[in-house]
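Presented below is the structure to which this report refers.
Note that the structure is predicted; figures quoted are calculated from it, not measured.
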Amino acid sequence: AAELGDAEAHYLLSLLYRKGEGVEKDEEKEVYHLVEAAIAGHPEARYNLALKEGRYKRFDTAVKHFIIAANLGHDGSIQALK
């Protein structure tokens, strides 16, 4: 499904790579699948990208991700922007 661009499939793969469940932990693959899911309109993926950018002190990019996720109706992103 991810090969066909399914946002939820990409998001779920990102979680597997983050946790190392069934696959070896791999942050590069986690981020790749988060980005693919976010581009496809997955609000939770966009929120997770915002958190990751914040951890790396890239606050401008984090805010952009929060805004996009908030516009998609993601409550956590709305709260983060207040």
Side-chain angles (χ1 to χ4, degrees):
E3 292 170 350
L4 299 175
D6 183 78
E8 185 68 13
H10 277 295
Y11 177 69
L12 294 174
L13 281 170
S14 77
L15 296 179
L16 294 176
Y17 281 112
R18 182 175 72 204
K19 297 175 184 177
E21 291 181 5
V23 295
E24 189 173 324
K25 276 188 175 185
D26 187 324
E27 186 176 14
E28 188 175 318
K29 289 180 181 177
E30 172 200 355
V31 171
Y32 169 80
H33 288 290
L34 274 178
V35 168
E36 291 297 312
I39 289 169
H42 197 286
E44 189 72 23
R46 192 63 78 166
Y47 175 76
N48 284 350
L49 281 174
L51 295 177
K52 187 168 283 296
E53 293 292 347
R55 282 194 294 275
Y56 289 111
K57 309 286 189 233
R58 294 188 288 251
F59 300 116
D60 288 345
T61 305
V63 168
K64 289 176 186 176
H65 286 303
F66 280 134
I67 290 170
I68 294 168
N71 286 333
L72 293 170
H74 188 271
D75 290 334
S77 294
I78 294 167
Q79 294 303 314
L81 290 167
K82 288 186 177 182

Any link between [X] and [Y] through a network of hydrophobic side chains (Ile, Leu, Val, Met, Phe, Trp, Tyr) touching at under 4.5 Å?
X	Y	result
Tyr32	Leu12	no
Val31	Val23	no
Leu49	Tyr11	yes

Under the rule for ring-ring contact (aromatic ring centres under 6.0 Å, His included), what residues qualify as partners of His65, not counting sequence neighbours?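 For His65 there are no ring-ring contact (aromatic ring centres under 6.0 Å, His included) partners, ignoring immediate neighbours.
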
Run the salt-bridge test on Glu30 and Lys52 with the 4.0 Å N-O cut-off and return the result as yes or no. yes

Give a yes or no on whether a salt bridge exists between Glu24 and Lys29, defined as a side-chain N under 4.0 angstrom from a carboxylate O. no

Value rounded to 0.5 Å, distance of [atom1] in [X] from [atom2] in [Y]:
X	Y	atom1	atom2	answer
Tyr47	His42	OH	NE2	14.0 Å
Leu13	Glu8	CG	CD	10.5 Å
Glu27	Ser14	CD	OG	11.5 Å
Ile78	Leu72	CD1	CG	10.0 Å

For side chain to side chain contact (heavy atoms under 4.5 Å, CB included), just list the numbers for Arg18 and Lys25, CA-CA rounded to whole Å, side-chain angles, deciding distance to a tenth of an Å, and then say yes or no. CA-CA 6 Å; Arg18 182 175 72 204; Lys25 276 188 175 185; over 6 Å; no

Please verify the inter-ring angle class for Tyr17 with His33; under 30° counts as parallel, over 60° as perpendicular, anything in between as tilted. parallel

Going by side chain to side chain donor-acceptor pair (under 3.5 Å), name the pairs with one or both residues in residues 73-82, residues two or more places apart or in two chains. Glu44-His74, His74-Ser77

Of all heavy-atom pairs linking Pro43 and Gly41, the shortest is CD-O, 3.1 Å

Provide the closest heavy-atom pair for Ala7 versus Ala37 in the form atom of the first, atom of the second, distance.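 Taking Ala7 first and Ala37 second, the nearest heavy atoms are O-CB, 3.4 Å.
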
